[in-house]
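Some notes on the structure that comes next.
Sequence positions, counted from 1, serve as the residue numbers for this chain. If you're wondering where the values come from, they're calculated on a predicted model, not measured in any experiment.
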Amino acid sequence: MSLFRLPARAPRSSVALLLRVAALGTALAACTPAPSSSGEDSRQARIPARSAAVVTPWALPAPAGAGQPDLATSPEGNLLLSWVEPGAEDTHRLRLSSMSPTADARWQPALTVAEGRKWFLNWADTPHVYALPDGSLWAHWLRGTGPARMDYGIDLVRSGDGGRSWSTPTLVHPAGTRGDHGFVTFWAQGPDQLGLAWLDSRQKAAAMAAGPAHEDDHHGGGAPMMLRAALYGSQATQQAEWPLDASTCDCCTTASAMTDRGVVVVYRGRDAGEIRDTRIVRFDGKAWTSPRDVHADGWRIAGCPVNGPVVVARGVQVWAAWYTEADGLPELRAARSDDAGDHFGEPVTLARGPQVLGRLSLALARDRLLAAWLETAEDAPQRIVLGRYDLHWRDPERVIVAPIAARGRASGLPRVRWAGQAAWLVWTDVADGHSILRGASVR
(Lines give C-alpha, C1' and ligand atoms only; values in the text may rest on other atoms or scores of the structure.)
Protein backbone atom coordinates (compact mmCIF):
# COMPACT_ATOMS: atom_id res chain seq x y z
CA MET A 1 0.00 0.00 0.00
CA SER A 2 1.24 3.45 -0.83
CA LEU A 3 2.02 5.70 2.10
CA PHE A 4 -0.27 8.35 0.60
CA ARG A 5 -3.42 6.26 0.12
CA LEU A 6 -5.30 6.41 3.37
CA PRO A 7 -8.50 4.56 4.28
CA ALA A 8 -11.63 6.65 4.52
CA ARG A 9 -12.30 5.61 8.09
CA ALA A 10 -10.32 4.02 10.90
CA PRO A 11 -11.46 1.67 13.67
CA ARG A 12 -13.27 3.39 16.53
CA SER A 13 -10.42 2.44 18.88
CA SER A 14 -7.99 4.54 16.82
CA VAL A 15 -10.42 7.43 16.77
CA ALA A 16 -10.81 7.27 20.52
CA LEU A 17 -7.07 7.21 21.00
CA LEU A 18 -6.47 10.27 18.84
CA LEU A 19 -9.37 12.21 20.41
CA ARG A 20 -8.55 11.32 24.01
CA VAL A 21 -7.42 14.41 25.87
CA ALA A 22 -5.61 13.22 28.94
CA ALA A 23 -6.11 15.06 32.17
CA LEU A 24 -2.34 15.22 32.30
CA GLY A 25 -2.35 17.39 29.16
CA THR A 26 -4.40 20.13 30.78
CA ALA A 27 -2.23 20.09 33.87
CA LEU A 28 0.97 20.24 31.84
CA ALA A 29 -0.03 23.25 29.75
CA ALA A 30 1.49 25.88 32.01
CA CYS A 31 3.07 29.27 32.14
CA THR A 32 6.76 29.88 32.61
CA PRO A 33 7.55 29.68 36.32
CA ALA A 34 8.92 32.66 38.13
CA PRO A 35 12.72 32.80 38.53
CA SER A 36 13.75 30.35 41.19
CA SER A 37 16.68 28.62 42.77
CA SER A 38 16.76 26.28 39.77
CA GLY A 39 18.71 28.99 37.98
CA GLU A 40 16.17 30.25 35.44
CA ASP A 41 17.33 33.69 34.44
CA SER A 42 15.50 36.62 36.02
CA ARG A 43 15.81 38.63 32.79
CA GLN A 44 13.58 36.16 30.95
CA ALA A 45 10.15 37.67 30.41
CA ARG A 46 7.20 36.27 32.33
CA ILE A 47 4.95 34.32 29.98
CA PRO A 48 1.25 34.56 30.84
CA ALA A 49 -0.71 31.43 31.57
CA ARG A 50 -3.16 30.35 28.87
CA SER A 51 -5.96 27.83 28.92
CA ALA A 52 -6.05 27.12 25.18
CA ALA A 53 -3.20 24.61 24.91
CA VAL A 54 -4.39 21.00 25.04
CA VAL A 55 -1.82 18.19 25.03
CA THR A 56 -3.01 14.83 23.69
CA PRO A 57 -0.85 11.68 23.82
CA TRP A 58 -0.15 10.35 20.31
CA ALA A 59 0.30 6.60 19.84
CA LEU A 60 3.16 5.74 17.48
CA PRO A 61 3.64 2.53 15.46
CA ALA A 62 7.29 1.98 16.40
CA PRO A 63 8.10 -1.01 18.65
CA ALA A 64 10.05 -1.00 21.89
CA GLY A 65 13.76 -0.66 21.16
CA ALA A 66 13.20 1.90 18.39
CA GLY A 67 15.06 5.19 18.34
CA GLN A 68 16.28 8.06 16.17
CA PRO A 69 12.81 9.29 15.13
CA ASP A 70 12.31 11.68 12.25
CA LEU A 71 9.06 13.48 11.45
CA ALA A 72 8.29 15.14 8.12
CA THR A 73 5.22 16.36 6.22
CA SER A 74 4.39 15.44 2.65
CA PRO A 75 3.14 17.95 0.05
CA GLU A 76 -0.36 16.52 0.66
CA GLY A 77 -0.09 17.29 4.37
CA ASN A 78 0.44 13.75 5.65
CA LEU A 79 2.83 13.05 8.50
CA LEU A 80 5.80 10.79 7.74
CA LEU A 81 7.41 9.08 10.72
CA SER A 82 10.64 7.14 10.41
CA TRP A 83 12.73 5.35 13.00
CA VAL A 84 15.56 2.83 13.41
CA GLU A 85 14.86 -0.48 15.11
CA PRO A 86 17.05 -3.52 15.78
CA GLY A 87 16.85 -6.40 13.31
CA ALA A 88 18.04 -9.98 13.40
CA GLU A 89 21.70 -10.97 13.73
CA ASP A 90 23.13 -7.54 14.53
CA THR A 91 21.30 -5.71 11.76
CA HIS A 92 19.26 -2.53 11.92
CA ARG A 93 16.18 -1.49 9.98
CA LEU A 94 15.04 1.96 8.89
CA ARG A 95 11.24 1.91 9.01
CA LEU A 96 8.63 4.35 7.74
CA SER A 97 4.91 4.90 8.31
CA SER A 98 2.41 7.60 7.40
CA MET A 99 -0.86 9.03 8.63
CA SER A 100 -3.21 11.85 7.82
CA PRO A 101 -3.43 14.32 10.74
CA THR A 102 -7.18 13.91 11.22
CA ALA A 103 -9.17 12.42 14.06
CA ASP A 104 -10.41 9.42 12.05
CA ALA A 105 -7.05 8.44 10.50
CA ARG A 106 -4.70 5.64 11.46
CA TRP A 107 -1.11 4.75 10.78
CA GLN A 108 -0.41 2.93 7.55
CA PRO A 109 1.45 -0.42 7.86
CA ALA A 110 5.12 0.28 8.44
CA LEU A 111 7.45 -0.20 5.47
CA THR A 112 11.14 -1.12 5.58
CA VAL A 113 13.31 1.43 3.80
CA ALA A 114 16.55 -0.49 4.36
CA GLU A 115 18.15 -3.12 6.56
CA GLY A 116 21.80 -3.89 7.05
CA ARG A 117 24.92 -4.17 9.14
CA LYS A 118 27.72 -1.72 9.86
CA TRP A 119 25.29 1.14 10.34
CA PHE A 120 26.61 4.10 12.31
CA LEU A 121 24.03 4.97 14.95
CA ASN A 122 24.25 8.29 16.72
CA TRP A 123 21.73 9.94 19.02
CA ALA A 124 22.13 13.32 17.29
CA ASP A 125 22.93 12.40 13.68
CA THR A 126 19.72 10.66 12.71
CA PRO A 127 18.26 9.37 9.41
CA HIS A 128 15.76 11.57 7.57
CA VAL A 129 12.87 11.00 5.20
CA TYR A 130 11.51 13.50 2.68
CA ALA A 131 8.67 13.67 0.12
CA LEU A 132 8.99 15.66 -3.11
CA PRO A 133 6.06 17.20 -5.03
CA ASP A 134 6.32 14.50 -7.73
CA GLY A 135 5.35 11.90 -5.11
CA SER A 136 8.80 10.39 -4.68
CA LEU A 137 10.15 9.55 -1.24
CA TRP A 138 13.79 9.95 -0.25
CA ALA A 139 15.65 8.68 2.80
CA HIS A 140 19.17 8.47 4.17
CA TRP A 141 21.07 6.69 6.93
CA LEU A 142 24.70 6.41 8.00
CA ARG A 143 26.87 3.39 7.16
CA GLY A 144 30.39 2.45 8.20
CA THR A 145 32.79 2.79 5.25
CA GLY A 146 36.28 2.17 6.65
CA PRO A 147 38.39 0.53 9.30
CA ALA A 148 38.02 3.25 11.95
CA ARG A 149 34.93 3.87 14.03
CA MET A 150 34.62 7.40 12.62
CA ASP A 151 34.77 6.26 8.99
CA TYR A 152 31.15 6.43 7.86
CA GLY A 153 29.10 7.93 5.08
CA ILE A 154 25.61 8.86 3.93
CA ASP A 155 23.56 6.24 2.07
CA LEU A 156 20.80 7.88 -0.02
CA VAL A 157 17.79 6.10 -1.56
CA ARG A 158 14.67 7.04 -3.54
CA SER A 159 11.26 5.41 -3.90
CA GLY A 160 8.89 6.13 -6.76
CA ASP A 161 6.08 3.82 -5.63
CA GLY A 162 5.08 5.13 -2.21
CA GLY A 163 7.83 3.34 -0.30
CA ARG A 164 7.18 -0.23 -1.50
CA SER A 165 10.58 -0.42 -3.21
CA TRP A 166 13.74 1.67 -3.03
CA SER A 167 16.71 2.40 -5.25
CA THR A 168 20.13 0.89 -4.63
CA PRO A 169 21.84 2.94 -1.87
CA THR A 170 24.18 5.61 -3.18
CA LEU A 171 27.00 7.09 -1.12
CA VAL A 172 26.69 10.88 -1.16
CA HIS A 173 30.42 11.47 -0.68
CA PRO A 174 33.11 9.91 -2.91
CA ALA A 175 33.72 6.23 -2.22
CA GLY A 176 36.99 5.57 -0.41
CA THR A 177 36.96 8.91 1.40
CA ARG A 178 37.99 8.45 5.03
CA GLY A 179 36.28 10.19 7.93
CA ASP A 180 32.73 11.02 8.91
CA HIS A 181 29.94 12.48 6.79
CA GLY A 182 26.51 13.26 8.17
CA PHE A 183 24.12 15.78 9.76
CA VAL A 184 22.03 15.95 6.60
CA THR A 185 19.24 18.38 5.72
CA PHE A 186 16.87 17.84 2.76
CA TRP A 187 14.84 20.28 0.62
CA ALA A 188 12.83 20.25 -2.61
CA GLN A 189 14.92 21.99 -5.24
CA GLY A 190 12.24 21.19 -7.82
CA PRO A 191 9.22 18.89 -8.28
CA ASP A 192 11.49 15.89 -8.83
CA GLN A 193 14.86 17.22 -7.67
CA LEU A 194 16.22 16.73 -4.16
CA GLY A 195 18.66 19.11 -2.53
CA LEU A 196 20.73 18.15 0.46
CA ALA A 197 23.52 19.63 2.55
CA TRP A 198 25.75 17.82 5.00
CA LEU A 199 28.88 18.06 7.12
CA ASP A 200 31.86 16.51 5.35
CA SER A 201 35.27 15.53 6.74
CA ARG A 202 37.27 14.94 3.55
CA GLN A 203 39.66 17.84 4.21
CA LYS A 204 39.92 16.83 7.87
CA ALA A 205 40.64 13.23 6.89
CA ALA A 206 43.37 14.40 4.50
CA ALA A 207 45.00 16.40 7.29
CA MET A 208 44.80 13.46 9.68
CA ALA A 209 46.41 11.18 7.09
CA ALA A 210 49.35 13.59 6.88
CA GLY A 211 50.12 13.47 10.60
CA PRO A 212 49.28 11.83 13.91
CA ALA A 213 45.76 12.37 15.18
CA HIS A 214 43.20 10.77 17.45
CA GLU A 215 40.08 9.09 16.23
CA ASP A 216 37.91 11.41 18.33
CA ASP A 217 39.42 14.61 16.93
CA HIS A 218 36.14 15.34 15.15
CA HIS A 219 34.99 17.11 18.33
CA GLY A 220 37.65 19.81 18.17
CA GLY A 221 41.22 20.51 17.19
CA GLY A 222 42.86 19.68 13.90
CA ALA A 223 41.46 20.54 10.49
CA PRO A 224 37.79 21.56 10.47
CA MET A 225 34.76 19.87 9.00
CA MET A 226 33.14 21.56 6.01
CA LEU A 227 29.61 22.12 4.70
CA ARG A 228 28.79 20.72 1.27
CA ALA A 229 25.60 20.52 -0.81
CA ALA A 230 24.40 18.50 -3.79
CA LEU A 231 21.39 18.02 -6.06
CA TYR A 232 19.94 14.63 -7.04
CA GLY A 233 17.53 13.93 -9.90
CA SER A 234 14.73 11.47 -10.47
CA GLN A 235 17.17 8.64 -11.20
CA ALA A 236 18.76 9.11 -7.74
CA THR A 237 22.00 10.27 -9.38
CA GLN A 238 23.98 13.32 -8.36
CA GLN A 239 23.61 16.29 -10.73
CA ALA A 240 25.77 18.90 -8.97
CA GLU A 241 27.85 19.36 -5.84
CA TRP A 242 29.40 22.38 -4.08
CA PRO A 243 31.59 23.20 -1.08
CA LEU A 244 29.70 25.86 0.90
CA ASP A 245 31.86 26.58 3.94
CA ALA A 246 35.38 25.28 4.59
CA SER A 247 35.18 25.56 8.39
CA THR A 248 32.18 24.38 10.37
CA CYS A 249 31.46 22.97 13.78
CA ASP A 250 32.04 19.25 13.81
CA CYS A 251 28.81 17.62 14.89
CA CYS A 252 25.92 20.08 15.07
CA THR A 253 22.76 19.47 13.10
CA THR A 254 22.03 21.47 9.94
CA ALA A 255 18.64 22.76 8.74
CA SER A 256 17.14 24.26 5.59
CA ALA A 257 14.04 26.12 4.39
CA MET A 258 12.81 27.40 1.03
CA THR A 259 12.31 31.12 0.41
CA ASP A 260 11.12 33.02 -2.67
CA ARG A 261 14.79 33.66 -3.41
CA GLY A 262 15.95 30.09 -2.99
CA VAL A 263 16.79 27.66 -0.22
CA VAL A 264 18.62 28.79 2.93
CA VAL A 265 20.79 26.43 4.98
CA VAL A 266 21.73 27.19 8.59
CA TYR A 267 24.53 25.49 10.51
CA ARG A 268 27.12 26.17 13.21
CA GLY A 269 30.31 27.71 11.90
CA ARG A 270 33.81 27.62 13.33
CA ASP A 271 36.53 30.23 12.95
CA ALA A 272 40.25 30.16 13.77
CA GLY A 273 39.54 31.51 17.26
CA GLU A 274 37.02 28.71 17.97
CA ILE A 275 34.00 31.02 17.75
CA ARG A 276 31.12 28.71 16.86
CA ASP A 277 28.10 30.84 15.97
CA THR A 278 25.18 30.17 13.63
CA ARG A 279 25.78 30.86 9.92
CA ILE A 280 23.54 30.92 6.86
CA VAL A 281 23.99 30.43 3.09
CA ARG A 282 21.40 30.71 0.28
CA PHE A 283 21.12 29.06 -3.16
CA ASP A 284 19.21 30.87 -5.92
CA GLY A 285 19.26 27.87 -8.24
CA LYS A 286 22.54 28.87 -9.87
CA ALA A 287 24.98 30.02 -7.18
CA TRP A 288 25.41 30.02 -3.41
CA THR A 289 25.96 33.11 -1.29
CA SER A 290 29.01 33.42 0.92
CA PRO A 291 28.49 32.34 4.54
CA ARG A 292 27.32 35.04 6.95
CA ASP A 293 26.43 35.05 10.64
CA VAL A 294 22.77 34.98 11.62
CA HIS A 295 24.01 36.83 14.70
CA ALA A 296 27.53 37.32 16.07
CA ASP A 297 27.02 35.81 19.52
CA GLY A 298 30.74 35.32 20.01
CA TRP A 299 30.46 31.89 21.63
CA ARG A 300 33.99 30.54 21.99
CA ILE A 301 34.07 26.80 22.62
CA ALA A 302 36.91 24.45 21.71
CA GLY A 303 34.62 21.54 20.97
CA CYS A 304 31.26 20.72 19.48
CA PRO A 305 28.17 21.42 21.62
CA VAL A 306 26.05 19.05 19.48
CA ASN A 307 23.25 21.64 19.40
CA GLY A 308 22.57 22.89 15.89
CA PRO A 309 20.32 25.71 14.62
CA VAL A 310 16.88 25.40 13.03
CA VAL A 311 15.08 27.46 10.39
CA VAL A 312 11.71 27.93 8.67
CA ALA A 313 10.69 30.31 5.89
CA ARG A 314 7.73 31.74 3.99
CA GLY A 315 8.12 34.10 1.05
CA VAL A 316 11.13 36.28 1.87
CA GLN A 317 10.68 35.91 5.62
CA VAL A 318 13.08 33.60 7.46
CA TRP A 319 12.96 32.62 11.11
CA ALA A 320 15.99 31.01 12.77
CA ALA A 321 16.55 29.74 16.31
CA TRP A 322 19.68 28.39 17.97
CA TYR A 323 21.43 27.41 21.21
CA THR A 324 24.32 29.40 22.64
CA GLU A 325 26.29 29.89 25.84
CA ALA A 326 27.96 33.11 24.70
CA ASP A 327 26.91 34.94 27.88
CA GLY A 328 27.85 32.12 30.22
CA LEU A 329 24.47 30.41 30.56
CA PRO A 330 22.60 28.06 28.23
CA GLU A 331 20.26 30.15 26.11
CA LEU A 332 17.90 29.71 23.18
CA ARG A 333 17.87 32.69 20.83
CA ALA A 334 15.75 33.43 17.77
CA ALA A 335 15.71 36.07 15.05
CA ARG A 336 13.74 37.05 11.95
CA SER A 337 14.83 38.15 8.49
CA ASP A 338 12.62 40.00 6.01
CA ASP A 339 15.02 39.71 3.06
CA ALA A 340 15.47 35.94 2.64
CA GLY A 341 18.32 35.74 5.14
CA ASP A 342 20.51 38.63 3.98
CA HIS A 343 19.97 40.41 7.30
CA PHE A 344 18.43 39.42 10.62
CA GLY A 345 17.01 41.60 13.37
CA GLU A 346 18.31 41.54 16.90
CA PRO A 347 17.69 38.15 18.51
CA VAL A 348 15.18 37.51 21.27
CA THR A 349 15.57 35.02 24.10
CA LEU A 350 13.22 32.04 24.09
CA ALA A 351 14.65 30.40 27.23
CA ARG A 352 17.70 30.93 29.42
CA GLY A 353 19.23 29.18 32.42
CA PRO A 354 21.07 26.01 33.47
CA GLN A 355 17.88 23.97 32.97
CA VAL A 356 17.98 24.57 29.19
CA LEU A 357 19.37 21.62 27.21
CA GLY A 358 18.39 22.92 23.77
CA ARG A 359 18.19 20.39 20.87
CA LEU A 360 15.75 22.64 19.07
CA SER A 361 13.09 21.81 16.52
CA LEU A 362 11.07 24.47 14.69
CA ALA A 363 7.83 24.55 12.69
CA LEU A 364 5.74 27.24 11.04
CA ALA A 365 1.96 27.31 11.46
CA ARG A 366 -0.32 29.68 9.61
CA ASP A 367 0.26 32.58 11.98
CA ARG A 368 2.43 31.11 14.72
CA LEU A 369 5.99 29.85 15.22
CA LEU A 370 6.44 26.59 17.11
CA ALA A 371 9.75 25.82 18.84
CA ALA A 372 10.32 22.57 20.76
CA TRP A 373 13.30 21.90 23.03
CA LEU A 374 14.46 19.90 26.05
CA GLU A 375 15.05 21.06 29.61
CA THR A 376 15.96 19.42 32.87
CA ALA A 377 13.11 19.20 35.35
CA GLU A 378 12.67 18.98 39.10
CA ASP A 379 10.27 16.01 38.96
CA ALA A 380 11.93 14.06 36.11
CA PRO A 381 15.33 13.91 34.43
CA GLN A 382 14.08 15.94 31.46
CA ARG A 383 10.97 17.49 29.95
CA ILE A 384 9.92 18.53 26.48
CA VAL A 385 8.79 22.13 26.07
CA LEU A 386 6.83 23.74 23.25
CA GLY A 387 7.01 27.50 22.77
CA ARG A 388 4.37 29.21 20.60
CA TYR A 389 4.97 32.73 19.26
CA ASP A 390 3.62 35.18 16.74
CA LEU A 391 5.57 35.79 13.53
CA HIS A 392 7.76 38.43 15.22
CA TRP A 393 8.76 36.08 18.05
CA ARG A 394 6.36 37.92 20.36
CA ASP A 395 3.21 36.96 22.29
CA PRO A 396 4.92 33.88 23.78
CA GLU A 397 3.14 30.87 25.19
CA ARG A 398 5.00 28.03 26.91
CA VAL A 399 3.58 24.51 27.08
CA ILE A 400 5.16 21.69 29.09
CA VAL A 401 4.38 18.78 26.79
CA ALA A 402 5.61 15.83 28.86
CA PRO A 403 8.20 14.66 31.37
CA ILE A 404 10.89 12.36 29.97
CA ALA A 405 12.44 9.50 31.92
CA ALA A 406 15.50 9.36 29.67
CA ARG A 407 18.73 10.88 30.90
CA GLY A 408 21.49 12.65 29.01
CA ARG A 409 21.73 11.82 25.33
CA ALA A 410 19.20 8.98 25.56
CA SER A 411 16.37 11.44 24.87
CA GLY A 412 17.84 12.27 21.46
CA LEU A 413 16.35 15.13 19.46
CA PRO A 414 12.66 16.07 19.60
CA ARG A 415 10.81 16.78 16.34
CA VAL A 416 7.84 19.11 15.84
CA ARG A 417 5.70 19.58 12.73
CA TRP A 418 2.50 21.50 12.03
CA ALA A 419 -0.30 19.65 10.25
CA GLY A 420 -4.09 19.49 10.48
CA GLN A 421 -4.37 22.50 12.81
CA ALA A 422 -2.11 20.99 15.47
CA ALA A 423 1.51 20.74 16.48
CA TRP A 424 2.74 17.13 16.35
CA LEU A 425 5.77 16.12 18.39
CA VAL A 426 7.84 12.94 18.65
CA TRP A 427 10.78 12.18 20.92
CA THR A 428 12.78 9.30 22.40
CA ASP A 429 12.24 8.07 25.95
CA VAL A 430 13.11 4.95 27.93
CA ALA A 431 10.86 2.33 29.55
CA ASP A 432 11.76 -1.00 31.14
CA GLY A 433 15.36 -0.56 30.07
CA HIS A 434 14.54 -0.03 26.39
CA SER A 435 14.32 3.03 24.21
CA ILE A 436 10.80 3.90 23.14
CA LEU A 437 9.26 6.55 20.91
CA ARG A 438 6.56 8.80 22.31
CA GLY A 439 4.43 11.49 20.73
CA ALA A 440 1.85 14.14 21.46
CA SER A 441 -0.30 16.67 19.65
CA VAL A 442 -0.79 20.19 20.97
CA ARG A 443 -3.76 22.34 19.96
Side-chain angles (χ1 to χ4, degrees), residues 3 66-72 80-97 110-132 136-189 192-202 204-205 218 225-241 251 253-254 256 412-413:
L3 284 170
Q68 296 187 302
D70 189 49
L71 189 63
L80 306 176
L81 175 69
S82 68
W83 65 90
V84 176
E85 63 184 49
E89 299 179 354
D90 298 322
T91 64
H92 290 90
R93 288 191 293 260
L94 177 59
R95 302 274 277 169
L96 172 64
S97 186
L111 302 173
T112 297
V113 178
E115 182 172 3
R117 293 182 173 85
K118 292 188 65 178
W119 285 18
F120 183 86
L121 302 180
N122 183 287
W123 67 275
D125 194 355
T126 63
H128 293 314
V129 296
Y130 199 83
L132 289 183
S136 63
L137 297 172
W138 296 75
H140 97 276
W141 64 92
L142 304 178
R143 174 173 57 86
T145 57
R149 183 178 66 88
M150 297 308 297
D151 290 335
Y152 61 87
I154 302 159
D155 266 342
L156 181 69
V157 292
R158 177 189 184 275
S159 173
D161 58 7
R164 292 188 297 271
S165 63
W166 296 84
S167 61
T168 301
T170 299
L171 270 180
V172 169
H173 70 282
T177 305
R178 295 289 305 273
D180 49 315
H181 310 76
F183 295 99
V184 170
T185 182
F186 287 147
W187 67 87
Q189 186 60 37
D192 61 353
Q193 190 176 43
L194 180 79
L196 70 156
W198 71 94
L199 299 186
D200 189 289
S201 72
R202 65 188 70 179
K204 186 180 185 72
H218 69 294
M225 295 283 282
M226 66 189 307
L227 181 71
R228 300 186 72 91
L231 299 181
Y232 281 78
S234 59
Q235 301 304 310
T237 56
Q238 190 178 105
Q239 299 177 327
E241 184 183 349
C251 45
T253 51
T254 63
S256 58
L413 303 177

Side-chain (R178) to main-chain (S201) donor-acceptor, under 3.5 angstrom
no
If you apply the rule side-chain contact (heavy atoms from CB on, under 4.5 Å), what do you find for V113 with V157, and how did you get there?
CA-CA 8 Å; V113 178; V157 292; 3.9 Å; yes
About how many Å separate CZ of R95 and OG of S82, when rounded to the nearest 0.5 Å?
12.0 Å
With E85 as partner, the option from E115, R93, Q68 fulfilling side chain to side chain contact (heavy atoms under 4.5 Å, CB included) is R93
Reported OG1-to-CZ distance for the pair T237 and R158, which is rounded to 0.5 angstrom
10.0 Å
Under the criterion side-chain contact (heavy atoms from CB on, under 4.5 Å), I'd like the reasoning laid out for D155 against T170: C-alpha separation, chi angles, the key distance, then a yes or no.
CA-CA 5 Å; D155 266 342; T170 299; over 6 Å; no
Output the distance between atom NE2 (H181) and atom OG1 (T145), rounded to the nearest 0.5 Å.
7.0 Å
Nearest-0.5 Å distance that lies between atom CG in L111 and atom OG in S159
8.5 Å
Taking C-beta and beyond as the side chain, do T253 and L413 meet within less than 4.5 Å on heavy atoms?
yes
Mind running side-chain contact (heavy atoms from CB on, under 4.5 Å) on T254 and L199 for me, showing each step along the way?
CA-CA 8 Å; T254 63; L199 299 186; 4.1 Å; yes
Minimum side-chain heavy-atom gap H128-Y130 below 4.5 Å
no
Side-chain heavy atoms of D125 within contact of L142, under 4.5 Å
yes
For E241, all residues meeting side-chain contact (heavy atoms from CB on, under 4.5 Å), sequence neighbours excluded
W198, R202, R228, A230, Q238
At what distance, to the nearest 0.5 angstrom, does CG of L80 lie from CG of L137?
6.5 Å
Does any part of the side chain of D200, heavy atoms only, come nearer than 4.5 Å to the side chain of L227, both counted from C-beta?
no
With a 4.5 Å limit on heavy-atom distance, are the side chains of V84 and P127 in contact?
yes
Is the shortest side-chain heavy-atom distance between L81 and L96 below 4.5 Å?
no
In terms of heavy-atom contacts, A110 and S97 come closest through CA-CB, 4.3 Å
Partners meeting ring-ring contact (aromatic ring centres under 6.0 Å, His included) with W141 (sequence neighbours left out):
W119
What are the two closest heavy atoms between Y232 and V172, and how far apart are they?
OH-CA, 3.5 Å
Close side-chain approach of L156 to F186, heavy-atom, < 4.5 Å:
yes
Any heavy-atom pair between the side chains of W138 and L132 that's under 4.5 Å?
yes
Over all heavy atoms of both residues, which pair between T126 and H140 is shortest? Give the atoms and the distance, please.
O-CE1, 3.4 Å
Cut-off 3.5 Å, side chains only: do T185 and S256 have a donor facing an acceptor?
yes
Nearest-0.5 Å distance, CZ of residue R143 to NZ of residue K118
7.5 Å
